Amino acid sequence: MRVRSRYVTRRRPPPSAGLDTEGALVRSVPGRWMPPWFGARVRGAVASGTAVAAVALACGWPYWRDHPAAAVITLAGCGGFAVAGGVLAAGRLGRRTGWLFTAASAAWAVTWLASWNSGAAPLVSVFAQSAFYLAVGTAVLLYPVGRLTGPAERLWTAAAALVLVGGQVLLCLTSRPEWNGFAPSVMWPGPFPDRAVFDGSLRVLICGLVGVVGFLVVILVRRLPRTTRLERTFTVPVAAAMVVAAAGAVASQGSIVGADVRLDDVLRVYLLQGTFAMVLPLAFLATAVRGRLAELTVAERMQRLTDPVSVERVRDALRGVLRDDTLDLWFWAPQERAYVDVAGRRVEASGPAEPGRWRHEVRTSGGDRLATVEVAAALRGHGSLVEAALVAGGRALEAAQLQATAQAHLERARAARERLVRVQAAERERLAADLQSSAQHRLRVLEAMLEALESAAAEPSARARAADCRRELAGVVAELDDLARGVHPAILADAGLGPALELVAARAPVPVRVELPARRFPPEIESTLYFALCEAVANAVKHARARSIDLQVRAGPEQIVARVRDDGVGAAAPAPGGGLAGLTDRVRALRGHVDIQSPPAAGTTLTITLPAE
C-alpha cells in the first residue's frame with residue numbers, strides 16, 4: 001500500500017488561536033476560551049465518561065450513601081474507562097478497543113445494581129460483571145491493530161466467553177440467591193439448587209479464571225518479539241496493566257469461595273476488582289499522552305538528529321524517531337527518472353510494498369516527488385506520527401535529495417567504469433586466446449615447414465640457413481607465448497586465481513609464501529586481482545629489494561582481501577603514472593580500495609579489498 005504525504009510549511013496560527021486534538025485551527029472566543037488540547041475528541045470522551053459515572057452513581061446509590069470513598073473510587077474508574085474508550089474510539093489507533101472499553105465501562109456501572117438487592121437487579125449484576133471482563137480482555141487483544149491476529153487470540157475469546165458467561169449460568173442454575181450474598185426474595189433462576197454442586201462449580205470456575213488469565217498472559221508475552229519498538233512503547237504498559245487487573249480480579253473473587261457470603265462481601269469484592277481495573281484506563285491514557293508528546297517533540301528530535309544533514313543521517317533519524325530499524329528511505333532523482341537508495345543505486349519503489357511493509361510517498365509543497373519511505377506495516381496505525389516526522393524533516397529531506405542525486409550520478413560513473421573493466425578483462429582473454437589459437441598455430445606450422453626444408457636441402461649452406469630461420473622463428477613463438485601470458489594467462493581462465501598465482505610465485509626470483517583460496521571468482525575480479533598482485537610482487541622484487549614475500553588472499557561472504565608483505569626497504573608510495581597508481585585505479589573501478597603501509601626500512605604491506613560479487 002502507498003500513501004502520499006505532502007511536505008508543506010504550515011502557517012503559524014495567530015496568538016489568539018490554538019490547535020485542537022485533530023490539528024484544526026481553533027480561534028478563541030471572548031469569555032469561552034478553552035485550552036488547545038481540549039478538542040472535540042476529548043470533549044466527547046469526557047462527556048461519555050460523565051454519563052457512565054452518572055449511571056454508576058444511580059446503580060450503586062444504596063451503597064454509596066454509606067460509603068462515599070468507595071463511590072469516588074468506583075465513579076472515577078467507570079468514568080476513566082469511558083474516557084479512555086472515547087479517546088481511543090475517536091482516534092486512528094485502537095478504535096475497536098475504544099468501543100469495547102466504553103461498553104465495558106457501562107457494564108461495570110450496571111454491575112453495581114447488586115446494591116439494590118431486589119427484583120432482577122442482582123441477576124443483571126452478575127452477568128454484567130462477566131460482560132465487563134470479557135469486553136476488557138478482548139479489547140486488550142484487539143489493541144492496537146483492531147483485530148484478533150491469530151488462532152490463539154480467537155481461542156482465548158471463546159474460552160473466556162465459556163468460563164465467564166457459561167460458568168455464571170451454571171452457578172445460577174445450581175444455587176439460591178442467598179448463597180451468592182443476595183436476599184432470598186430476588187429474582188433468581190435456580191431450578192437445581194445443590195450446595196455441594198454449587199461449591200464445586202464455584203471452585204472449578206475460579207480454576208477456569210486462573211487458566212484464562214494465564215493464557216492471556218502467554219499470548220501477550222508471545223506478541224512482544226513480533227512487534228516493533230514503537231508498538232512496544234504502547235503495548236507493554238497495557239499488557240502489564242491487564243495482568244495486574246486480571247490477577248486482582250481472580251484473587252478477590254477467590255476470597256469469598258466456600259464462605260457464608262453477605263451482600264457487603266460481594267460489594268467489597270466489586271470495589272477491589274474495580275480498583276485493580278483502574279490501572280487499565282490509566283495505562284491507555286498514559287500511552288495516548290506519550291504518543292501525542294512524541295508527535296509534538298518530533299520536530300526538535302529530527303532537527304537534532306539530522307544536523308549536519310546527510311543522506312544516512314536523515315534515514316537514521318527517521319529510524320530513531322519512528323523506532324523502526326528496518327525503515328528504508330529512497331529519494332527521487334529527477335535526472336535519473338528513478339528512485340535511488342542512500343548509496344545512489346537505483347531501486348524499484350513505484351510498485352506495491354511487500355507483505356508486512358508500508359510505503360509512504362513524500363512530495364514537495366509544489367507536488368514534485370521527493371522521497372518514499374518504507375516502514376513496517378504496524379506503523380500504519382501511527383500515521384500521524386509518521387506524517388509529523390516527515391513534515392519535521394522536510395528541509396532535511398530536500399537537502400538529502402540533492403546529495404542522493406549527486407551520489408546517483410557518481411554511482412552511474414562507477415558503474416560505467418566497472419563495465420569498462422569487465423569489457424577489458426573479456427577482451428584480454430579473447431586476445432590471448434586468439435594469439436594462442438591463430439597466430440601461434442600458424443607460426444608453429446611455418447616452423448615445421450622450415451624443419452622439413454632443412455632436412456630436404458642438399459647443400460650445407462642451405463641447410464644452415466634454414467636452421468637459422470627455424471631458430472629465429474622459435475624465438476618469435478616463445479616471445480609471442482610470453483605476450484599471450486601477459487595479456488591474459490591461460491591458466492587464469494582455465495584453473496582460476498589460485499593456480500595462476502602459485503605459478504607466479506614459483507617463477508619469482510625470491511621465495512614467495514602463498515595462502516590462496518580454492519574457490520573461483522567472477523572473471524573481472526580474478527583478472528584485476530591477478531594483475532594487481534603480480535604488480536605488487538614485481539615492485540617488491542625490483543624496487544624494495546625484498547628477500548622474501550608473503551602473498552595471501554582470503555575470501556569472505558561479502559569481500560575479498562588480498563595482502564602482499566615484503567621485508568624490503570619500505571618507503572613505497574604511489575607515483576602518478578606508476579605501477580602502484582595504475583593498480584589502485586583498477587581496484588577502485590570495481591568498488592574496491594588499496595591500502596599501503598610502508599614505513600622506511602620496515603618493509604611494505606599492500607592490502608587490496610574487493611567486493612566478492
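Basis for what follows: all heavy atoms, side chains included, without hydrogens, waters or symmetry-related copies. Remember, predicted model here, so these are calculated numbers, not experimental data.
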Which pair of non-hydrogen atoms, one from [X] and one from [Y], has the smallest distance, and what is that distance?
| X | Y | answer |
| --- | --- | --- |
| F521 | E526 | N-OE2, 3.2 Å |
| V321 | A389 | CG1-CB, 4.1 Å |
| L610 | V587 | CD2-O, 3.7 Å |
| T326 | A376 | OG1-N, 4.4 Å |
| L529 | A562 | CD2-CB, 3.9 Å |

### More than 12 heavy atoms of other groups within 6.0 Å of R519 CZ
yes
### Task
Please indicate whether R154 has more than 12 foreign heavy atoms, meaning atoms of other residues, nucleotides or ligands, lying under 6.0 Å from its CZ.
yes
Rounded to the nearest 0.5 Å, what separates atom [atom1] in [X] from atom [atom2] in [Y]?
| X | Y | atom1 | atom2 | result |
| --- | --- | --- | --- | --- |
| F215 | L155 | CZ | CG | 4.5 Å |
| L397 | L329 | CG | CG | 6.5 Å |
| F331 | R315 | CZ | CZ | 9.5 Å |
| R323 | L318 | CZ | CG | 14.5 Å |
| Y530 | L497 | OH | CG | 9.5 Å |
| R565 | R513 | CZ | CZ | 10.0 Å |

Measuring only between side-chain heavy atoms, which start at C-beta, is [X] closer than 4.5 Å to [Y]?
| X | Y | value |
| --- | --- | --- |
| T605 | V564 | no |
| V140 | L220 | yes |
| R554 | R563 | no |
| W332 | L370 | no |
| V537 | L551 | yes |
| I560 | I608 | no |
| D341 | D328 | no |
| V514 | L501 | no |

### Query
Is E361 salt-bridged to R363, going by a charged N under 4.0 Å from an acidic O?
yes
#### Entry: Residues which pass side-chain contact (heavy atoms from CB on, under 4.5 Å) with T609, listed by chain and number, not counting sequence neighbours
Q559, V561, H593, T607
Ignoring hydrogens and angles, tell me if any N or O in the side chain of [X] forms a donor-acceptor pair with the backbone of [Y] under 3.5 Å.
| X | Y | value |
| --- | --- | --- |
| R357 | E374 | yes |
| D566 | I549 | no |
| D567 | R547 | yes |
| S598 | T604 | no |

### For T149, side chain to side chain donor-acceptor pair (under 3.5 Å) partners two or more places apart
E153
### Message
Between R369 and T364, do the side chains contain a donor N or O and an acceptor N or O under 3.5 Å apart?
### Response
no
### Modelled atom types, side-chain donor and acceptor of D595 and Q597, under 3.5 Å
yes
